[in-house]
Structures are given as structure tokens and as C-alpha cells.
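Let me begin by presenting the structure, written as C-alpha cells, before commenting on it.
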Amino acid sequence: MAFGAGSSNYMKMKGMLKEDNVYEGNVLQLKGILKIRDRSFKKNLRVLIVDDDKVTRKVMMAMLRDLKVEGKEAVNGKEAVDFFAAGEVFTLVLMDMEMPFMNGPETTRFLRGMGVRAKLVGMSAHLTEKEQKEFLDAGGDEFYMKPVTRTKLVALLQAIDEEL
């Protein structure tokens with residue numbers, strides 16, 4: 001190769017690379033640029049997005065569609081409970097903490113009381129220890145700060161896919 005012509009480097013990466021570069025499963029983040037390899041999940045995953053904020057629901061649903069994962073929306077906790085009561089089954093429920101009619105912890109307590117075994121993940125724009133503890137004590141599995149990024153969503157779906 002001639003001097004100044006440029007070069008290409010290829011490498012396999014595992015684990016932590018540098019402070020700004022993280023490789024996790026099928027997600028590679030390089031200096032703020034996110035690349036996700038096309039991946040089909042082994043299991044049919046169904047996700048329920050429970051949030052009174054329409055923009056949050058639409059963004060989350062767009063990410064699910066892009067990942068080829070079936071999703072459904074509920075505008076509050078009561079509507080989420082109604083879906084389960086009607087016999088709908090979801091693998092994952094991503095739920096806002098502050099909603100009208102039934103908040104996140106109330107909904108979680110009610111769903112667990114119905115025998116719902118889906119992974120219940122709370123979301124909040126302002127994460128407080130009290131709020132997190134209340135949700136987890138009600139039967140929630142995990143708690144994420146909003147916005148839930150595509151990286152977090154993919155990692156969560158991959159973990160669920162491997163557990164099933």
C-alpha cells in the first residue's frame with residue numbers, strides 16, 4: 001500500500017474496551033454511535049408500554065417495531081390491568097411510575113396479585129430511592145431512568161429472551 005493511501009483495521013471486541021467504547025452482546029457503542037446487529041429473538045416477546053405520556057409510548061413502540069418485537073400500549077395502570085384480566089399475555093411490562101387512576105406501584109401490586117409473571121420494569125424521569133423501593137416492594141423487577149434508551153431496551157429484551 002502506498003504512503004498516505006489509508007488503511008483499514010479489523011478486530012474482534014469483547015468486554016469493556018475503553019471508557020467510551022462498550023461492547024455488550026449484540027450492541028456496540030463507539031464514542032456515542034450506537035450500532036445494533038440485526039437479531040431475531042429466539043422467543044416471541046410481547047411488550048406492554050404503560051405510560052400516560054403519548055410521546056414516550058410512541059417512541060418506545062417505534063423502537064419495538066424496529067426490533068421486530070410485538071408491542072401494545074396502555075395509557076394508565078388500570079388499562080394495563082384490564083389487558084391482563086382479558087387474558088392478554090406479555091413478556092415484559094415497561095411502566096411509568098406517575099399515572100392517573102393507578103400509579104406504577106399500585107398497578108404492580110395488583111398485577112402480582114393476579115398472578116402475572118411478566119417482567120415488570122418501572123420507569124421514571126426522576127429516580128428517587130423512595131420511589132424505586134416502593135415499586136420493588138410492590139413486586140417490580142427492575143427500575144430504569146427515563147428515557148429508556150435503545151441500548152437498555154435491547155439488553156433487557158436479550159436477557160429476557162435468554163431466560164425463557
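Computed from a predicted structure; not experimentally measured.
- Residues Arg150 and Asp66 meet the side-chain proximity criterion, which asks for heavy atoms closer than 4.5 Å.
- Taking 4.5 Å as the limit, some side-chain heavy atom of Leu94 sits within range of a side-chain heavy atom of Leu156.
- Within 6.0 Å of CD on Glu129 lie no more than 12 heavy atoms contributed by other residues, nucleotides or ligands.
- Glu131 approaches Ser124 most closely through the heavy-atom pair OE1-OG, 3.0 Å.
- The heavy-atom pair separating Pro105 from Ala138 by the smallest distance is O-CB, 3.5 Å.
- Checked against ring-ring contact (aromatic ring centres under 6.0 Å, His included), Tyr144 has no partners two or more places apart in sequence or in another chain.
- Asp96 is not listed as a side-chain neighbour of Thr56, based on a closest heavy-atom distance of 4.5 Å or more.
- Leu48 and Phe101 sit in two unconnected hydrophobic clusters of ILVMFWY residues. Membership requires side-chain heavy atoms under 4.5 Å apart, directly or through other members.
- Using a cutoff of 4.0 Å between basic side-chain nitrogens and carboxylate oxygens, Glu73 and Lys58 are scored as salt-bridged.
- Using a 4.5 Å cut-off on side-chain heavy atoms (C-beta onward), Leu92 and Val121 make contact.
- Between Asn103 and Glu98, the closest side-chain pair of non-hydrogen atoms is not below 4.5 Å.
- Considering all non-hydrogen atoms of both residues, Glu142 and Phe135 come closest at O-CE2, 3.1 Å.
- With a 4.5 Å cut-off on side-chain heavy atoms, Leu120 and Arg112 count as touching.
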Quiz: residues 80-87 side-chain donor-acceptor pairs under 3.5 angstrom, not counting sequence neighbours:
{"residue": "Asp82", "atom": "OD2", "partner": "Lys78", "partner atom": "NZ", "Å": "3.0"}

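- Residues Val89 and Arg46 approach most closely at O-NH1, 2.8 Å, considering heavy atoms.
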- Task: Go through the steps to decide whether Arg117 and Asp141 satisfy the test salt bridge (charged side-chain N to carboxylate O under 4.0 Å, His left out), and finish with yes or no.
- Result: CA-CA 10 Å; Arg117 297 175 54 128; Asp141 296 300; over 6 Å; no

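- Here the options are Asn76, Thr108, Thr107, the test is side chain to side chain contact (heavy atoms under 4.5 Å, CB included), and the partner is Met102; only Thr107 passes.
- Checking each of Met97, His126, Met123 against Lys146 for a side chain to side chain contact (heavy atoms under 4.5 Å, CB included) leaves exactly one that passes, namely Met123.
- Nearest heavy-atom pair across Arg57 and Asp51 is NH1-O, 2.8 Å.
- The hydrophobic clustering, which links ILVMFWY residues whose side-chain heavy atoms are closer than 4.5 Å, places Val93 and Val75 apart.
- To the nearest 0.5 Å, atom CD of residue Gln132 and atom CG of residue Asp137 are 10.0 Å apart.
- The minimum heavy-atom distance between Thr91 and Leu45, with the atom names listed, is OG1-CA, 3.5 Å.
- In this structure, the side chains of Met61 and Leu64 come closer than 4.5 Å at one or more pairs of heavy atoms.
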